[in-house]
Amino acid sequence: MSHLTDSPAWRALVAHQRELADVHMRTLFAHDPDRGARLRVQWGALLLDFAKNRVTDETMTLLYQLADARELRARIDGLFAGEHINHTEDRAVMHMALRNPVDQPAFVDGEDVMPAVRAELDHMARLSGRVRDGSWRGATGERITDVVNIGIGGSDLGPVMVCEALKPYQRPDLRVHFVSNVDGAHLGATIAHLDPATTLFIVASKTFTTRETLTNAHSARRWLLRGLSQHPAQLTVEAADATLVARHFVALSTNAAGVAAFGIDPANMLRFWDWVGGRYSLWSSIGLSIAIAVGMPQFEQLLAGGHDADTRFRSLPWHQNLPVILAMLGVWYHNFFHAESHAILPYDQSLHRFPAYFQQGDMESNGKRVDHDGEPITDYSTGPVVWGEPGTNGQHAFFQLLHQGTHLVPTDFLAPVESHYGEPDVGADHHAILLANCLAQTEALMRGKTSAEAQAELLASGLSATDVAALLPHKVFPGNRPSNTLLFPKLTPFELGRLIAVYEHKIFVQGSIWGVNSFDQWGVELGKQLANAILPEIQGDEVVSVMHDSSTAGLIAWIRGQRR
Ligand code: G6Q
């Protein structure tokens with residue numbers, strides 16, 4: 001493969017960007033009445049309108065040519081064929097198998113993994129079913145009312161995001177909580193209101209070595225054993241620690257030995273495999289908290305939605321391929337307009353953790369500075385900063401910068417046409433107001449407000465010519481700010497699953513264009529190593545290592561002084 005920026009496809013885009021740089025989207029819309037109808041694609045009930053982008057048909061063609069030049073089709077085939085595309089960890093990337101129909105094979109290293117996937121799904125169904133129907137009993141014979149998922153990163157963000165998104169499918173008598181931060185405030189505040197007799201802990205850790213998770217899990221076990229030993233209700237089982245832990249702890253992991261060493265009954269362990277990356281693991285056993293929260297049939301719907309996206313992504317041509325379109329538009333702005341960030345803006349409060357989830361998904365996947373061969377990437381940038389918050393809240397916070405700041409921030413607006421919440425408790429007007437705001441923002445970002453329009457408004461308000469002149473520059477909106485709009489009928493488990501898989505594949509496509517390994521995460525290691533060295537220095541009285549710089553050494557000394 002030729003070097004990216006030397007390729008004819010890349011150079012054609014550089015030249016094309018020069019032609020389009022000063023073209024306003026208002027002009028593109030004015031000269032092309034069909035633009036809105038043409039620049040859209042539908043996957044089932046999921047609609048992507050990408051007409052409000054700084055693109056023409058030629059731009060899209062050139063972007064697809066770049067995808068071809070990077071052999072995207074072969075990369076997709078390799079992904080689904082279970083090739084070890086995560087080459088720095090020598091692993092396949094096959095989380096798609098987790099949402100594959102069980103009667104269709106999926107191969108990893110020559111083995112059909114579907115029987116094992118089905119077995120874990122069955123285990124998950126039994127376990128979540130027992131918690132939900134009350135046949136899982138705690139050590140005092142009571143049913144479980146609260147489930148606490150202890151995990152971090154990929155073992156937390158996905159389940160949290162989905163559980164928040166699917167709140168309308170949850171029961172009030174079975175609450176799911178998430179503890180991730182090693183800050184004792186997180187665990188402490190969560191368990192403060194819980195009864196150990198009716199609490200089930202899920203320790204979710206692929207490696208079962210993550211310090212934050214194990215620290216929280218050990219503290220949770222201590223709290224549980226102390227709480228049960230002093231509990232007013234009598235134990236219905238023997239008071240041995242192992243028996244009590246067996247009634248109140250399950251584990252989700254690839255590390256059976258680590259789980260056993262912690263003291264969790266292997267019968268209470270759900271497994272998954274090293275071909276499931278942490279940030280792609282909500283579809284696996286890591287999703288147990290989701291299955292408990294919404295029930296296995298809904299979890300299976302989530303999987304079905306993900307599979308629907310997989311099927312379309314694998315087979316459709318680029319111009320109908322939603323993740324490819326989103327990815328290539330992202331490349332267009334990031335590499336050719338030098339936009340450094342990308343905002344995900346769900347107009348749906350239930351999706352309030354969706355931006356955070358894909359902040360990890362995207363930034364941990366494509367935040368890489370060397371290519372597949374380990375060569376430094378010096379002449380193009382990879383992985384934008386991904387951020388976002390739900391609308392309309394964002395409008396009253398950071399949208400000012402989107403409209404009138406000096407940065408170009410491409411945006412995705414996501415909204416369900418219908419809400420789960422309505423009469424009699426919530427007025428029907430809420431959702432119409434929300435949607436009106438969503439569309440108004442995309443229109444405002446695209447159109448802006450010209451100087452002439454702003455001036456006419458100011459004059460009509462009765463201001464003097466002098467005041468108008470002084471205010472005018474502040475009232476102008478340049479517009480020409482790109483957005484994608486993704487609409488779906490209602491946030492069902494199926495639609496959510498499809499949406500998540502679309503964004504996953506978008507990340508894969510961008511990683512393919514940039515030539516990086518989207519599936520490793522070595523960048524999180526250094527901080528962990530240094531924290532291990534600093535921990536005893538903060539805890540103990542030993543001399544602070546001379547290996548530290550003077551700033552870090554000074555901060556350690558300060559903390560030690562204050563702690564005394
Ligand atoms: C995700 C990362 C990372 C990981 C956490 C938790 O892709 O690998 O976020 O999920 O570090 O790891 P464990 O599940 O092994 O505890």
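Atoms within a ligand are numbered from 1 in the order they appear, just like the ligands themselves. Values reported hereafter were calculated over all heavy atoms of this structure, with side chains retained and with hydrogens, waters and symmetry mates removed.
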**Student:** Counting from 1, what ligand 1 atoms have a heavy atom of Ser155 closer than 4.0 Å?
**Tutor:** 10 (O), 13 (P), 14 (O)
**Student:** What I want to know is whether Thr213 and ligand 1 share at least one N or O pair that is separated by under 3.5 angstrom.
**Tutor:** no
**Student:** In this structure, does ligand 1 have an atom that sits under 4.0 Å from one of the heavy atoms of Glu212?
**Tutor:** no
**Student:** Considering only non-hydrogen protein atoms, determine which one is nearest to atom 15 (O) of ligand 1 and report residue, atom name and distance to 0.1 Å.
**Tutor:** Thr207 OG1, 2.6 Å
**Student:** Taking the ring of Phe262 and the ring of His218, is the distance between their centroids below 6.0 Å?
**Tutor:** yes
**Student:** Under a plain distance cut-off of 3.5 Å, with no hydrogens placed, do Ser381 and His334 share a side-chain donor-acceptor pair?
**Tutor:** yes
**Student:** Looking just at side-chain N and O atoms, do His342 and Asp412 make a donor-acceptor pair shorter than 3.5 Å?
**Tutor:** yes
**Student:** Taking atom CZ as the centre, does Arg369 end up with more than 12 heavy-atom neighbours from other residues, nucleotides or ligands that are less than 6.0 angstrom away?
**Tutor:** no
**Student:** With a cut-off of under 6.0 Å to the ring centre and 45° to the axis, is Arg126 in cation-pi contact with Trp136?
**Tutor:** no
**Student:** ring-ring contact (aromatic ring centres under 6.0 Å, His included), that's the test. Do Tyr357 and Tyr503 meet it? Break it down for me.
**Tutor:** CA-CA 10 Å; Tyr357 176 65; Tyr503 272 85; 9.8 Å; no
**Student:** Could you find the nearest protein heavy atom to atom 9 (O) of ligand 1 and give me its residue, atom name and distance?
**Tutor:** Gln360 NE2, 2.7 Å
**Student:** Which of the atoms of ligand 1 are close to Ser205, meaning less than 4.0 Å from one of its heavy atoms?
**Tutor:** 13 (P), 14 (O), 15 (O), 16 (O)
**Student:** Compute the shortest N/O to N/O distance between Gly154 and ligand 1 and return yes if it is under 3.5 Å, no if not.
**Tutor:** yes
**Student:** Just going by heavy-atom distances, which of Arg279, Gln521, Glu364 is nearest to atom 3 (C) of ligand 1?
**Tutor:** Glu364
**Student:** For Leu228 versus Ala139, what's the shortest heavy-atom pair and its separation?
**Tutor:** CD1-CB, 4.0 Å
**Student:** I want to know if ligand 1 touches Lys528 in the polar sense, i.e. an N/O pair below 3.5 angstrom.
**Tutor:** no
**Student:** Looking only at the side chains, is there a donor atom on one of Asn255 and Ser253 sitting less than 3.5 Å from an acceptor on the other?
**Tutor:** no
**Student:** Please report whether atom 11 (O) of ligand 1 has a protein non-hydrogen atom at a separation of less than 4.0 Å.
**Tutor:** no
**Student:** Which of the numbered atoms in ligand 1 are under 4.0 angstrom from any heavy atom belonging to Gly278?
**Tutor:** 1 (C), 7 (O), 10 (O)
**Student:** Identify which of Val276, Asn255, Thr254, Thr210 has a heavy atom lying nearest to atom 16 (O) of ligand 1.
**Tutor:** Thr210
**Student:** Parallel, tilted or perpendicular, judged at 30° and 60°: which one describes the rings of His87 and His372?
**Tutor:** tilted
**Student:** Give me the residue, atom name and distance of the protein heavy atom closest to atom 6 (C) of ligand 1.
**Tutor:** Ile152 O, 3.2 Å
